[in-house]
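First the structure, in the form of structure tokens, and then the observations on it.
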Amino acid sequence: MKPWILGLTGGIGSGKSAAARHFSDLGVYVVDADQAARWVVEPGRPALAEIAGHFGREILLADGSLDRAALRRRVFLSEEERRWLERLLHPLIRQEILASLKQASSPYAILESPLLVETDQHTMTQRILVVDVPESLQLERAMQRDQADRKQVEAIIKTQASREERLRHADDVLVNDRDLSWLQAEVERLHRFYLTLRGGQP
Ligand SMILES: CC(C)(COP(=O)(O)OP(=O)(O)OC[C@H]1O[C@@H](n2cnc3c(N)ncnc32)[C@H](O)[C@@H]1O)[C@@H](O)C(=O)NCCC(=O)NCCS
Ligand SMILES: Nc1ncnc2c1ncn2[C@@H]1O[C@H](COP(=O)(O)OP(=O)(O)OP(=O)(O)O)[C@@H](O)[C@H]1O
């Protein structure tokens, strides 16, 4: 039987990847939208040439690959540039996700994405799990993980759906304001529940 798709979302630094890793350890097939966003700009892919044409060759590293930190600075400073990049990449990311989800053979599969409710990606899913944390923890964890400054993480949070908006789309919520062993226990609880579902419904 074709697996049903669980959308796993949350803001930057909420703990999506940590949760997804544990679902994956339990045997669930996971497609990561951030990873798909990397594939579509690999050297040789047409999108990379378009990005270099638009932002100039200084957006590439010496080996010809994308300078992600430089592009990150550019697009989170300018809404216009971010919209340009999203118009180019989101349709390509969607294609990568669809192709990758076709490989899934676990009882259900996961689409992990920071922009599930902000884009049409949620239409590829049957159920949505939101990883929810207060903004202060999001900031703290993202700054520590990326060695990024507060201003940049705040700018990224502003471009994403608000906590309330995301929660409005949630079928299930994982509150990730405790330690990693709590997160794992919650993932295991949800996994047991998800295995009882057919097509994402009880
Ligand atoms: C700007 C880029 C090059 C920065 O790369 P970098 O390696 O530093 O970050 P990475 O891709 O791992 O993203 C880290 C986090 O930033 C946030 N983020 C990324 N893109 C966006 C966006 N367009 N809008 C809001 N938040 C975003 C997400 O929370 C994401 O998990 C990259 O994020 C990118 O290409 N973004 C556009 C494509 C996109 O929208 N990706 C999101 C998944 S669909
Ligand atoms: N419960 C927790 N306790 C302590 N640290 C945590 C917890 N959950 C996640 N973290 C840490 O917080 C950081 C952010 O988590 P993670 O990378 O999973 O977030 P994310 O939602 O995938 O973010 P992004 O949207 O940027 O990809 C990581 O360094 C992770 O190890």
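All figures in this text were calculated on a predicted structure; none of them were measured in a lab. By convention here, the first residue in the shown sequence is residue 1. We count ligands from 1, going down the list as the structure has it; atoms in each ligand are counted the same way.
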For the 3.5 Å polar cut-off, considering only N or O atoms, please tell me whether Q121 and ligand 1 meet it. no
What part of D179 sits under 4.0 Å from ligand 2 if we count only heavy atoms: the side chain, the backbone, both or neither? backbone
Numbering as shown, the atoms of ligand 1 that approach H90 to under 4.0 Å (heavy-atom distance): 39 (C), 40 (O)
Kindly indicate whether atom 31 (O) of ligand 2 is approached by any protein heavy atom to under 4.0 angstrom. no
Output the list of atoms in ligand 1 that are nearer than 4.0 Å to some heavy atom of T159, sorted by atom number. 24 (N), 25 (C), 26 (N)
Quick one: nearest non-hydrogen protein atom to atom 14 (C) of ligand 1, plus distance? R72 NH1, 4.1 Å
Suppose we measure from atom 37 (C) of ligand 1 to each protein heavy atom; which comes out shortest, and what is that distance? L85 CD2, 3.7 Å
Ranked by distance from atom 13 (O) of ligand 1, the top protein heavy atom is D34 OD1, 4.1 Å
Which one holds for R38 and ligand 1: side chain close, backbone close, both close, or neither close, with close meaning a heavy atom under 4.0 Å? side chain
Heavy-atom contacts with D34 under 4.0 Å: which atoms of ligand 2 show up? List them by number with element. 27 (O)
For A18, take its heavy atoms, then give the atoms of ligand 2 lying under 4.0 Å from any of them. 18 (O)
On a heavy-atom basis, I'd like to know which of Q152, E118, R68, R94 is closest to atom 5 (O) of ligand 1. R68
Look at the side chain of D171 and the backbone N and O of I128, then say whether any donor-acceptor pair between them is shorter than 3.5 Å. yes
Nearest heavy atom to atom 11 (C) of ligand 2 wins, so pick from E186, R141, M143, E112. R141
Element-labelled atoms of ligand 1 that are located less than 4.0 Å from some non-hydrogen atom of E86: 22 (C), 23 (N), 24 (N)
among protein heavy atoms, the one nearest atom 22 (O) of ligand 2 is S17 OG, 2.7 Å
For atom 1 (N) of ligand 2, which candidate among D177, N176, L8, L183 holds the nearest heavy atom? N176
Under a 4.0 angstrom heavy-atom cut-off, which atoms of ligand 2 come close to S14? 19 (O), 21 (O)
Specify side chain, backbone, both or neither for L115, according to which of its non-hydrogen atoms lie closer than 4.0 Å to ligand 1. side chain
Ligand 2 and G13, any nitrogen or oxygen pair closer than 3.5 angstrom? yes
Show which atoms of ligand 1 fall inside a sub-4.0 Å distance from at least one heavy-atom site of L71. 3 (C)
Does any N/O atom on S113 come nearer than 3.5 Å to any N/O atom on ligand 1? no
Of A69, A47, A37, which has the heavy atom at the shortest distance from atom 41 (N) of ligand 1? A37
Going by heavy-atom distance to atom 38 (C) of ligand 1, choose the closest among V75, I93, I156, L66. I93
Could you tell me which atoms of ligand 2, counted from 1 in the order shown, lie closer than 4.0 angstrom to a heavy atom of R178? 1 (N), 2 (C), 3 (N)
Under 3.5 Å between any N/O of R82 and any N/O of ligand 1: does that happen in this structure? no
Would you tell me whether H22 and E188 have side-chain atoms, one donor and one acceptor, within less than 3.5 Å of each other? yes
Taking 4.0 Å as the limit for heavy-atom contacts, which would you say applies to T119 with ligand 1: side chain only, backbone only, both, or neither? neither
